[in-house]
Amino acid sequence: MPSSLTLPSISFHKLPSSFFSKNAPSRSFRFINQRSRVSMSVSAESQASVNDALFSDYNPSNAFLFPGQGAQTVGMGKEAQNVPAAAILYKKANDILGFDLLDICINGPKEKLDSTVISQPAIYVTSLAAVELLRVREGGQQIIDSVDVTCGLSLGEYTALAFAGAFSFEDGLKLVKLRGEAMQDASDAAKSAMASVIGLDSEKVQQLCDAVNQEIPEAEKVQIANYLCPGNYAVSGGIKGIEVLESKAKSFKARMTIRLAVAGAFHTSFMEPAVSRLEAALAATEIITPKIPVISNVDAQPHADPDTIKKILARQVTSPVQWETTVKTLLTKGLKKGYELGPGKVIAGIVKRVDKSADIENIGA
């Protein structure tokens, strides 16, 4: 596929030393060619000419990977207060959210932090705070400058897009806030649930879902929602559907099922009521071409066209997460080093399940 880009002007300059102070969306973006370190300035007027396949031939070397909902833990964000650039993110978040996010991150209670409307912004902010902790570490800026691809698990895709300069920290947080609220409201509207199926490959999990769906009403049906890694796939559906899945799993030789502590059946049609709200918010948000490839959860591909990115993000809440394909593709393309930035070590565990020899480092906050 062609990956041309109409460039009205090209300038040569060094990479900025501070991401947040220099790379918030403006009337232009910088596309970084990691091999030549050439930055191309493209005016907003030419955004319509951006080919969405611009990043299709990406060759990853160093990747930032950002966690999704479920990675939150009481106490996160405490270390970030020792770094001014990280601490200020929480101050900005308090103004946008209207409550003290840092206090909930550090002190809980766990039940409050685990709620969808709080955990999503909490993980977004803490993950970007982790970038600032890395920046002040010896050699940290060099690591940040070396990153040539990024992605995130579900919610983490918004964090990845913010890091890649597709939208500002503030705009990203507003989107994440609305996303959490819309997903919670959709969950409240129809009782549903999620469960991880452990010990089966994806084909077997699909067969399990098919067997369940033969016994339950259409409104309760289940489907694979998160393709995480070999032996770990999350299934979403109605409460009755998940209960039947749990009762049948052993007969399909599953090692176990784990009911997930989430509000409802994420990444399925149960989340359809959230889509229109996301579409409206995304339409009102300035999104520009990321400076490095950001891999989508929907199709495991990077997208360059801002309008396409908006459509993908709106679809993401009802589409299965293609995380296993994303990780396998990065490794197959020759990824040398991955960094998981944010709370927990879920991403590192998943990557190791795909390839035990993969080099991945966790950087918390």
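Along the sequence shown, the residues carry numbers beginning at 1.
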- Query: Could you go step by step and tell me if Q69 and T116 meet the side-chain hydrogen bond (donor to acceptor under 3.5 Å, both in side chains) rule?
  - Reply: CA-CA 8 Å; Q69 189 173 348; T116 298; 3.2 Å; yes

- Message: side-chain hydrogen bond (donor to acceptor under 3.5 Å, both in side chains), that's the test. Do Q72 and D114 meet it? Break it down for me.
- Response: CA-CA 7 Å; Q72 69 275 2; D114 285 348; 3.1 Å; yes

- Item | Candidate pair H267 and T318, rule side-chain hydrogen bond (donor to acceptor under 3.5 Å, both in side chains), full reasoning | CA-CA 4 Å; H267 300 290; T318 58; over 6 Å; no

- side-chain hydrogen bond (donor to acceptor under 3.5 Å, both in side chains) between R315 and S296, intermediate numbers included: CA-CA 11 Å; R315 285 175 49 204; S296 164; over 6 Å; no

- Task: Could you check F163 against F64 for ring pair (Phe, Tyr, Trp, His ring centres under 6.0 Å), going step by step and ending with a plain yes or no?
- Result: CA-CA 9 Å; F163 170 75; F64 273 4; 4.9 Å; yes

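Legend: residues meeting salt bridge (Lys or Arg N to Asp or Glu O under 4.0 Å) with E361, ordered by chain and number and at least two apart, are R137, K337.
The aromatic ring centres of Y124 and F169 sit less than 6.0 Å apart.
By the 4.0 Å N-to-carboxylate-O rule, K248 lies close enough to E215 to be salt-bridged with it. Between E324 and K328, at least one side-chain nitrogen of the basic residue sits less than 4.0 Å from a carboxylate oxygen of the acidic one, meeting the salt-bridge criterion. One finds a salt bridge joining R259 and E246 here, because a Lys/Arg side-chain nitrogen approaches an Asp/Glu carboxylate oxygen to under 4.0 Å.
Hydrophobic clustering (ILVMFWY, side-chain heavy atoms < 4.5 Å, transitive): L97 and I106 are in one cluster. V149 and V147 fall into different hydrophobic clusters, where Ile, Leu, Val, Met, Phe, Trp and Tyr residues are linked whenever their side-chain heavy atoms come under 4.5 Å apart, directly or through other members. Taken together through direct or relayed side-chain contacts under 4.5 Å among Ile, Leu, Val, Met, Phe, Trp and Tyr, L161 and I123 form part of one hydrophobic cluster.
More than 12 heavy atoms of other residues, nucleotides or ligands lie within 6.0 Å of NZ in K221, so this atom counts as buried by the packing criterion. Around the CD1 atom of I88, the shell of radius 6.0 Å holds no more than 12 heavy atoms that belong to other residues, nucleotides or ligands.
Atoms CE and CG, from M76 and L102 in turn, are 9.5 Å apart once rounded to the nearest 0.5 Å.
Counting side-chain heavy-atom gaps under 4.5 Å among Ile, Leu, Val, Met, Phe, Trp and Tyr, the cluster of V136 also holds V83, L133.
E181 places no side-chain N or O within 3.5 Å of a backbone atom of V117 that could act as its donor or acceptor partner.
If you check the side chains of N62 and S146, you find a donor sitting under 3.5 Å from an acceptor.
The side-chain hydrogen bond (donor to acceptor under 3.5 Å, both in side chains) pairs that include a residue from residues 183-196 are Q184-D188, D185-R277, where partners are two or more places apart or lie in different chains.
A tilted orientation is assigned to the rings of F167 and Y158, their planes being inclined by 30° to 60°.
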